[in-house]
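Quick caveat: nothing in here was measured; it's all calculated off a predicted structure.
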Number of protein chains: 2
Amino acid sequence: MLTISQLAAYAGVTVRAVRHYHKVGLLPEPERDRSGYRIYNAAAVVRLIRIRTLADAGVPLARVQELLDAGPEEFAGGVQEIDKDLRAEIRRLQDTRSRLARLAAGEHLALPQSVVDYLDRLRGLGVGERYIELERDAWIMIAAQVPHLIDSVIARKHEELDDPDMVRLYSFFTGEPDWRAGDPRIVEVADVLERLMIRAVEAGEVGADGFDDQFVALMDSTMLESAPGAELVLAILEERGWSGWTRIERVPADRLNTELPPS
Amino acid sequence: MLTISQLAAYAGVTVRAVRHYHKVGLLPEPERDRSGYRIYNAAAVVRLIRIRTLADAGVPLARVQELLDAGPEEFAGGVQEIDKDLRAEIRRLQDTRSRLARLAAGEHLALPQSVVDYLDRLRGLGVGERYIELERDAWIMIAAQVPHLIDSVIARKHEELDDPDMVRLYSFFTGEPDWRAGDPRIVEVADVLERLMIRAVEAGEVGADGFDDQFVALMDSTMLESAPGAELVLAILEERGWSGWTRIERVPADRLNTELPPS
DNA sequence: ATGGAGGGTTGACCCAGCGTCAAGGTCAAG
DNA sequence: CTTGACCTTGACGCTGGGTCAACCCTCCAT
């Protein structure tokens with residue numbers, strides 16, 4: 001007759017594991033001696049070894065139960081199913097690995113390559129790092145929101161950058177984004193922006209963009225929070241009958257100055 | 001400004017996950033509105049997306065923290081280390097798979113092929129299934145106890161089976177193992193056994209066997225528990241100056257009937 | 001008989017990464 | 001005013017045990 005530690009030693013497991021198997025019902029609780037110690041026989045050793053063999057083979061404890069009591073057919077079936085799970089888990093980890101590799105290669109977190117290229121183009125235009133970070137954060141959100149559209153959206157952005165006015169616009173953003181009211185650049189930026197907007201409207205490029213209204217509002221509020229100058233530019237443009245930032249719209253004349261957009 | 005569920009939706013995570021990230025300090029707790037609701041801004045969306053990106057890539061949350069705040073070099077280093085962990089985990093699962101495959105192929109739990117073959121040979125001799133199970137359980141314990149010796153032990157057993165007396169011995173075990181006192185086969189078995197023992201002693205095959213005493217006692221007690229006839233056979237053999245079962249020994253004449261082995 | 005060593009016992013907290021109630025407060029709309 | 005959707009904190013569950021804590025039992029030497 002064996003004590004729990006002897007049993008555990010014979011089966012090559014820890015005492016704690018044996019008690020755990022008792023608790024989950026894998027190994028029946030044996031008799032106790034008069035002092036309360038569990039006393040085991042060889043049958044327990046055998047059962048415990050079989051449990052260990054299955055558990056070491058990757059069988060979840062919950063399934064060890066069924067497999068131990070199963071006939072050869074159910075046993076084979078169960079083993080196959082467990083192998084299927086293992087294969088799936090391995091594939092999952094391999095997917096994870098390749099994602100991790102892409103992530104390390106791209107070196108820009110949560111951004112597809114096309115966006116990284118676009119940001120590099122902005123850098124090439126002399127745009128300051130602080131503005132780049134603002135853009136980057138916006139693109140992170142856009143990429144998360146509409147991952148299937150991101151490449152086409154970026155393509156359109158590249159086309160827009162072929163317009164000299166757009167290049168001129170970005171050339172304003174070389175320093176820190178802390179413009180104050182009265183900065184002469186603000187009106188200049190508004191002028192350039194208005195020209196761009198007019199051209200966009202004429203080209204019929206204004207309309208459904210695939211984003212929902214809330215998301216557009218979120219993007220706008222981010223810009224306004226991060227760049228104080230943006231608010232001033234927006235104010236000028238609103239006087240001239242434009243509203244929006246992420247998504248530009250012509251405001252009908254009769255609504256001007258009567259219904260302000262929620263800030 | 002966003003509620004927690006809007007934030008979660010933008011980042012593609014669950015509300016519960018967001019709160020979890022707050023608890024573990026990955027995402028700073030934002031301001032609350034007057035009713036206690038958390039209110040988020042776009043910066044939180046961006047940070048949450050970056051957290052998700054890393055977490056989805058298999059980075060443990062504890063490490064996401066460092067990676068988010070790390071420069072490009074530490075980032076690359078951290079990613080490499082995580083990849084190493086992933087590779088190790090994949091290899092572990094693959095090992096598990098092959099073990100599982102061997103287990104399914106062997107179809108006999110916790111037994112090496114050599115033992116399965118040996119049991120098949122016994123079956124071929126007409127030994128009953130119940131006895132086979134007794135043998136099998138004993139071999140499970142032996143294989144667990146001395147896995148490195150199991151093949152040589154089995155080889156010796158095969159040699160023993162070349163002895164016609166051993167075949168004769170096993171030929172007794174074709175039915176149920178519930179022999180009662182008075183069964184004439186008991187004496188016959190004892191006779192055969194004694195002849196085998198004598199020959200083993202003469203061949204010098206008795207002695208150190210690589211098992212410890214406790215283990216031998218355990219094996220003996222199993223046999224005695226499972227097969228009532230074994231006890232009777234043992235009694236006869238003890239009268240004739242033998243002791244042990246798993247490990248046979250000549251008892252010196254002066255100890256006969258004075259010191260019985262503990263049952 | 002007594003003290004210490006070295007077993008044993010139950011119970012409870014710990015790890016990751018949340019899912020899932022529970023029990024109640026808030027908000028917007030009809 | 002009610003309803004239903006959403007928010008809050010808190011706590012338990014899952015896997016497979018590891019690691020104390022606090023106390024009991026047995027054996028051996030003194």
Side-chain angles (χ1 to χ4, degrees), chain A residues 1-27 29-40 44 48 50-68 82 85-86 88-89 92-93 96 214 262, chain B residues 1-27 29-40 44 48 50-68 82 85-86 88-89 92-93 96 214 262:
Chain A
M1 289 308 161
L2 308 169
T3 67
I4 194 170
S5 56
Q6 290 170 327
L7 168 75
Y10 280 133
V13 307
T14 66
V15 170
R16 185 65 181 80
V18 174
R19 292 206 269 249
H20 185 62
Y21 298 154
H22 284 320
K23 204 168 322 187
V24 298
L26 262 183
L27 197 61
E29 280 276 2
E31 305 286 296
R32 308 290 185 115
D33 66 12
R34 72 190 186 292
S35 66
Y37 287 16
R38 294 178 179 86
I39 43 177
Y40 298 91
L48 185 50
R50 291 157 67 99
I51 291 171
R52 243 357 283 169
T53 305
L54 285 171
D56 286 346
V59 179
L61 290 192
R63 272 178 167 167
V64 166
Q65 183 82 314
E66 343 160 0
L67 284 192
L68 275 186
I82 290 159
D85 292 352
L86 281 178
E89 177 70 5
R92 209 182 55 74
L93 287 182
T96 293
Q214 265 230 334
Chain B
M1 288 309 158
L2 309 169
T3 68
I4 195 170
S5 59
Q6 290 170 326
L7 168 75
Y10 280 133
V13 307
T14 66
V15 170
R16 186 63 182 81
V18 174
R19 291 206 270 249
H20 185 62
Y21 298 154
H22 285 320
K23 204 168 321 187
V24 298
L26 262 182
L27 197 61
E29 280 276 1
E31 305 285 298
R32 308 291 184 117
D33 67 12
R34 73 187 186 292
S35 66
Y37 288 15
R38 295 179 178 85
I39 43 178
Y40 298 90
L48 184 52
R50 291 158 67 100
I51 291 171
R52 243 0 277 171
T53 305
L54 285 171
D56 286 347
V59 179
L61 290 193
R63 273 178 165 167
V64 166
Q65 184 83 312
E66 345 159 359
L67 283 193
L68 274 186
I82 289 158
D85 292 352
L86 280 177
E89 176 70 5
R92 209 182 55 74
L93 286 181
T96 292
Q214 265 230 336

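For B/H22 and D/dT9, the NE2 to P distance is 9 Å, given to the nearest whole Å. Between A/L26 atom CG and D/dG17 atom C1' there is a gap of 13 Å when expressed in whole angstrom units. Going from atom CZ of B/R16 over to atom P of D/dT8 covers 12 Å, rounded to whole Å. For A/I51 and D/dG17, the CD1 to P distance is 11 Å, given to the nearest whole Å. Per the geometry, NZ belonging to B/K23 stands 12 Å off P belonging to C/dG19, to the nearest Å. Rounded to a whole Å, the CG atom of A/L54 is 13 Å from the P atom of D/dG16. Rounded to an integer number of Å, the gap from B/R92 CZ to D/dG16 C1' is 12 Å. In this entry the distance linking NE2 of B/H20 with C1' of C/dC15 reads 11 Å, nearest Å.
Position along DNA chain C of the nearest nucleotide to A/E29 versus B/R34 favours A/E29 as the more 5'-ward residue. Heavy-atom distances to DNA chain D give each of A/D33 and A/A17 a nearest nucleotide, and the one nearer the 5′ end belongs to A/A17.
A donor-acceptor contact under 3.5 Å is not formed by the side chain of A/R19 with the base of C/dT9. For a distance-only test at 3.5 Å, the side chain of A/R38 fails to qualify as a donor-acceptor partner of the base of C/dT9. Side-chain atoms of B/Y37 and base atoms of C/dG25 include a donor and an acceptor less than 3.5 Å apart.
For B/S35, counting side-chain heavy atoms from C-beta on, the closest listed nucleotide (C/dT10, C/dG17, C/dT26) is C/dT26. Here C/dT9 is the nucleotide among C/dT9, D/dG16, D/dC7 with the atom lying nearest to any side-chain atom of A/R32. Considering only side-chain atoms of B/I4, the nucleotide from C/dG19, D/dT8, C/dG17 that sits closest is D/dT8.
In this structure, the side chains of A/R50 and A/L68 come closer than 4.5 Å at one or more pairs of heavy atoms.
Using a 4.0 Å heavy-atom distance criterion, A/R52 is classed as a sugar-phosphate-only contact.
Side-chain atoms of A/E66 never come within 3.5 Å of backbone atoms of A/R63 as a donor-acceptor pair (strictly under, hydrogens ignored).
Residues satisfying the side-chain contact (heavy atoms from CB on, under 4.5 Å) criterion with B/E31, sequence neighbours excluded, are B/I39.
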Next item on the list: I would like to know whether B/Q65 and B/V24 meet side chain to side chain contact (heavy atoms under 4.5 Å, CB included); could you show each step before the answer?
Entry: CA-CA 10 Å; B/Q65 184 83 312; B/V24 298; over 6 Å; no
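A close approach under 4.0 Å does not occur between any side-chain nitrogen or oxygen of A/T14 and OP1 or OP2 of D/dG17.
Between the side chains of A/Y21 and A/R16, not a single donor N or O lies within less than 3.5 Å of an accepting N or O.
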